[in-house]
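All residue numbers refer to positions in the sequence shown, counting from 1.
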Amino acid sequence: MRLKSLLMATALGLGLGLGLGGGLQAKELKFAFQGTLNSLDPYNLNETFHLGFQGNIYEGLIRRGADLTIEPALAERWEVMEPTRWRFHLRKGVKFHDGSPFTADDVVFSADRSRAEGSDVKTRIAADTKVVKIDDHTVDFITSKPNPIIHVEWGTWYIMSKAWAEKNNAVSPQKLSGNEENFATRHANGTGPFKLVSHESGVKTVAEVNPDWWDNPNKEHNVTKVTFTPIGSDATRVAALLSGQVDMAFPIPVQDQKRVAGNADTRMLIGPELRTIFLGFDQYSDELIYGNVKGKNPFKDKRVRQAFYQAVDIEAIKKKVMRGLSEPSALMIAPSLTAIKDDRFKRHAYDPAKAKALLAEAGYPNGFETAMDCPNDRYVNDEAICQAVVSMLAKVGVKISLLAQPKAKYFPKVLAPNLDVSFYLLGWTPGSLDSWNVLHNLHGCPRVSDSAAVWNKADRDKIGRGKFNLGGYCNPEVDALTDQILSETDPGKRNAMIEAAYAKSIGDIAYVPLHQQALAWGVRGGIELAQRADNQFAWRHVQVK
């Protein structure tokens with residue numbers, strides 16, 4: 001109830017137009033984001049902006065509403081036939097943008113494609129889950145164990161047309177690493193409220209309203225055309241908003257928010273985001289990949305990880321870098337998404353002297369050198385956070401070479417088949433709004449499958465469990481709890497398991513959680529929209545006056 005109240009307050013208090021019909025004069029919506037849209041393949045990248053954009057063109061069996069509650073979409077209803085069998089009744093009369101009908105064959109195909117080599121959304125459906133067509137509009141999902149949350153992961157699992165993919169040689173998903181493309185990289189064929197007109201990667205993407213959308217009788221929006229322009233420069237993006245070149249821009253850097261709020265024609269939408277920003281380490285390699293330590297890997301030593309933790313002044317980051325628009329966290333998930341009491345876990349205190357002592361105890365009295373990977377166009381003030389961390393670690397003797405890159409280069413590097421990272425910054429929002437997602441994806445021992453041997457670096461593209469555990473943290477006890485959490489139906493027992501799993505990973509210092517950042521959207525007058533707490537921009541909630 002706490003989560004639902006928070007999300008409803010966010011949506012209602014920050015510009016959600018309720019009860020708006022589609023009778024107003026239609027308008028073009030122009031918006032800008034700091035990063036690029038490099039592919040239209042919905043399985044190419046498990047990243048919020050990429051998935052959020054695709055969700056305006058493609059749809060899943062379910063969708064999330066403005067307050068993030070689950071709503072029926074391509075499945076009009078579902079039922080649990082038995083503990084390990086879910087039945088989804090598909091919506092009839094739905095057509096893809098090319099006019100072809102949506103059927104169960106497309107669901108089965110999409111389930112297989114999303115789990116194929118190269119897909120970045122493998123965790124949406126477990127590898128051993130059977131997807132069975134009952135008839136043209138009925139599909140069963142058969143799991144090896146009971147899974148009471150099977151569908152909550154599906155808000156960003158989108159259904160593709162089997163016939164379209166086969167016709168255009170796009171049966172296999174486009175891999176994030178490498179330069180190979182397929183037809184789905186630059187073309188799209190969904191069932192959603194908008195359909196693609198044109199796409200120039202790094203330049204502009206244009207979509208238009210879908211006049212044949214199945215949910216048009218209930219639509220909230222009056223938008224007929226959407227133009228997205230990536231603008232990496234903060235100053236240029238803000239200037240575009242203030243001058244009217246775009247109707248909406250995000251994120252707005254903290255130093256420019258007063259200017260946007262004070263402008264007569266624009267306003268700021270500030271709200272809590274469910275994303276956790278954190279620091280991670282390579283805990284897998286026997287030798288430090290980047291740095292001056294030879295023959296061993298300092299990050300395998302818990303004392304070194306704790307030293308890094310206690311060298312970071314999180315309050316200084318909140319005050320100076322985030323200008324107060326962040327909430328320091330001891331957890332790898334937004335507290336509002338758990339039943340864990342607020343005072344159960346505490347951050348390690350900022351203590352440079354203790355950090356130095358821990359480094360000396362671990363055998364590095366003079367510190368050491370390493371490298372840090374960081375995006376510079378993905379999270380709020382991401383590069384500035386990394387620069388602050390580098391400066392703080394220098395004070396305890398650790399010299400860091402910072403590599404800050406656009407996400408188009410950052411993600412292929414840190415998700416490369418061969419481990420290519422020593423120390424990094426990343427952000428994570430669980431698409432299911434549930435701790436299992438965090439524990440499975442970020443804490444799970446990286447494995448090709450749940451029964452296979454622990455991660456072989458060359459098999460990274462095939463990893464299921466621990467897909468985004470970039471540094472290879474591994475605690476079998478956490479894995480065992482994660483598996484129990486997935487199948488446990490008793491809420492009390494499940495919550496106790498979640499708390500126990502976090503207690504173990506926090507005790508291991510698997511990561512250094514930093515904060516939950518605040519949403520910061522700039523909007524021009526006459527635009528009403530829903531600011532979702534997962535930072536996805538759904539055009540179906542937009543009214544242009």
For the pair [X] and [Y], find out whether any cationic side-chain nitrogen is under 4.0 Å from an anionic carboxylate oxygen.
X: Lys318; Y: Asp313; answer: no
X: Arg494; Y: Asp434; answer: yes
X: Asp343; Y: Lys346; answer: no
X: Lys133; Y: Asp136; answer: yes
X: Glu79; Y: Arg87; answer: no
X: Asp105; Y: Lys162; answer: no
X: Arg85; Y: Asp140; answer: yes

*Decide whether Asp420 and Tyr290 meet the rule of one side-chain donor and one side-chain acceptor closer than 3.5 Å.*
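Yes.
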*Using only heavy-atom distances, determine whether the side chains of Tyr511 and Asn469 contain a donor-acceptor pair under 3.5 Å.*
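Result is yes, a qualifying pair exists.
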To the closest 0.5 Å, what do you measure between [atom1] ([X]) and [atom2] ([Y])?
X: Asn46; Y: Asp120; atom1: CG; atom2: CG; value: 5.5 Å
X: Gln54; Y: Glu59; atom1: CD; atom2: CD; value: 13.0 Å
X: Ile159; Y: Tyr58; atom1: CD1; atom2: OH; value: 11.5 Å
X: Trp213; Y: Thr191; atom1: CH2; atom2: OG1; value: 9.5 Å
X: Arg115; Y: Tyr43; atom1: CZ; atom2: OH; value: 10.5 Å
X: Asn38; Y: Leu45; atom1: CG; atom2: CG; value: 8.0 Å

*What's the verdict on side chain to side chain contact (heavy atoms under 4.5 Å, CB included) for Asn297 and Asp286, showing C-alpha distance, side-chain angles and the deciding distance?*
CA-CA 6 Å; Asn297 180 359; Asp286 291 328; over 6 Å; no
[X]-[Y] aromatic ring centre distance below 6.0 Å:
X: Phe88; Y: Trp154; answer: yes
X: Trp164; Y: Phe96; answer: no
X: Phe468; Y: Trp428; answer: yes

*Tell me, which pairs form a salt bridge (Lys or Arg N to Asp or Glu O under 4.0 Å) where one or both residues lie in residues 503-517, sequence neighbours left out?*
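Sorted pair list: Glu477-Lys504.
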*Sorted by first residue and then second, give each salt bridge (Lys or Arg N to Asp or Glu O under 4.0 Å) pair with at least one member in residues 33-49; sequence neighbours left out.*
Asp41-Arg113, Glu47-Arg378, Glu47-Lys407
*For side chain to side chain donor-acceptor pair (under 3.5 Å), just list the numbers for Arg124 and Ser119, CA-CA rounded to whole Å, side-chain angles, deciding distance to a tenth of an Å, and then say yes or no.*
CA-CA 11 Å; Arg124 298 300 187 274; Ser119 169; over 6 Å; no
*Of Gln536, Glu273, Arg275, which meets side-chain hydrogen bond (donor to acceptor under 3.5 Å, both in side chains) against Thr48?*
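When side-chain hydrogen bond (donor to acceptor under 3.5 Å, both in side chains) is applied between Thr48 and each of Gln536, Glu273, Arg275, only Arg275 qualifies.
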*Would you please test Asp67 and Arg532 for salt bridge (charged side-chain N to carboxylate O under 4.0 Å, His left out) and show each step?*
CA-CA 7 Å; Asp67 64 351; Arg532 287 174 35 165; over 6 Å; no
*Under the side chain to side chain donor-acceptor pair (under 3.5 Å) test, residues paired with Asn189 that sit two or more places apart*: Asp98
_The criterion is side chain to side chain donor-acceptor pair (under 3.5 Å); which residues satisfy it with Asn535, sequence neighbours excluded?_
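Per chain and number, Asn535 pairs via side chain to side chain donor-acceptor pair (under 3.5 Å) with Trp521.
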*Which is it for Lys493 and Glu488 under the salt bridge (charged side-chain N to carboxylate O under 4.0 Å, His left out) test, yes or no, and what are the steps along the way?*
CA-CA 7 Å; Lys493 293 180 180 178; Glu488 180 56 61; 5.2 Å; no
*Checking side chain to side chain donor-acceptor pair (under 3.5 Å) for the pair Asn376/Gln405: CA distance, chi angles, key distance, verdict?*
CA-CA 5 Å; Asn376 62 14; Gln405 301 186 94; over 6 Å; no
*With Trp214, the side chain to side chain contact (heavy atoms under 4.5 Å, CB included) member among Lys92, Glu76, Arg91*: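 By the side chain to side chain contact (heavy atoms under 4.5 Å, CB included) criterion, Trp214 pairs with just one of Lys92, Glu76, Arg91: Arg91.
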_Identified side chain to side chain contact (heavy atoms under 4.5 Å, CB included) partner of Leu61 from the options Trp78, Tyr158, Phe141_ = Phe141
*List the steps and the verdict of side chain to side chain donor-acceptor pair (under 3.5 Å) for Glu220 and His541.*
CA-CA 6 Å; Glu220 300 172 20; His541 297 303; 2.9 Å; yes
Between the side chain of [X] and the main-chain N/O of [Y], is any donor-acceptor distance below 3.5 Å?
X: Gln310; Y: Ala349; answer: yes
X: His443; Y: Asp479; answer: no
X: Gln517; Y: Val380; answer: yes
X: Ser110; Y: Asp106; answer: yes
X: Asn182; Y: Thr185; answer: yes

*Report the C-alpha separation of Arg465 and Asn441 in whole Å, then their side-chain angles, then the decisive distance to 0.1 Å, and conclude whether the side chain to side chain donor-acceptor pair (under 3.5 Å) test is met.*
CA-CA 6 Å; Arg465 183 197 296 270; Asn441 286 290; over 6 Å; no
Can you say whether the rings of [X] and [Y] are parallel (under 30°), tilted (30 to 60°) or perpendicular (over 60°)?
X: Trp86; Y: His151; result: tilted
X: Phe31; Y: Phe53; result: tilted
X: Phe228; Y: Phe49; result: tilted
X: Phe308; Y: Phe299; result: perpendicular

Can you list, pair by pair, the side-chain donor-acceptor contacts under 3.5 Å of residues 495-502, counting residues two or more places apart and other chains?
from: Asn495; atom 1: ND2; to: Pro491; atom 2: O; distance (Å): 3.2
from: Glu499; atom 1: OE2; to: Arg344; atom 2: NE; distance (Å): 2.7
from: Tyr502; atom 1: OH; to: Ser435; atom 2: OG; distance (Å): 3.0

*Check the pair Ile340 / Phe345 against side chain to side chain contact (heavy atoms under 4.5 Å, CB included), numbers first and verdict last.*
CA-CA 9 Å; Ile340 298 172; Phe345 297 109; 4.0 Å; yes
*According to the ring pair (Phe, Tyr, Trp, His ring centres under 6.0 Å) rule, which pairs have a member within residues 103-137, sequence neighbours left out?*
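Passing the test, one end in residues 103-137: no pairs.
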*Could you walk me through whether Val254 and Asn381 pass side chain to side chain contact (heavy atoms under 4.5 Å, CB included), step by step?*
CA-CA 8 Å; Val254 291; Asn381 289 356; 3.4 Å; yes
_Are Phe102 and Leu90 packed together at the side-chain level, in the sense that at least one heavy-atom pair is separated by less than 4.5 angstrom?_
yes
*Apply salt bridge (charged side-chain N to carboxylate O under 4.0 Å, His left out) to the pair Arg64 and Asp534, showing each step before the final yes or no.*
CA-CA 10 Å; Arg64 294 279 181 178; Asp534 62 356; over 6 Å; no
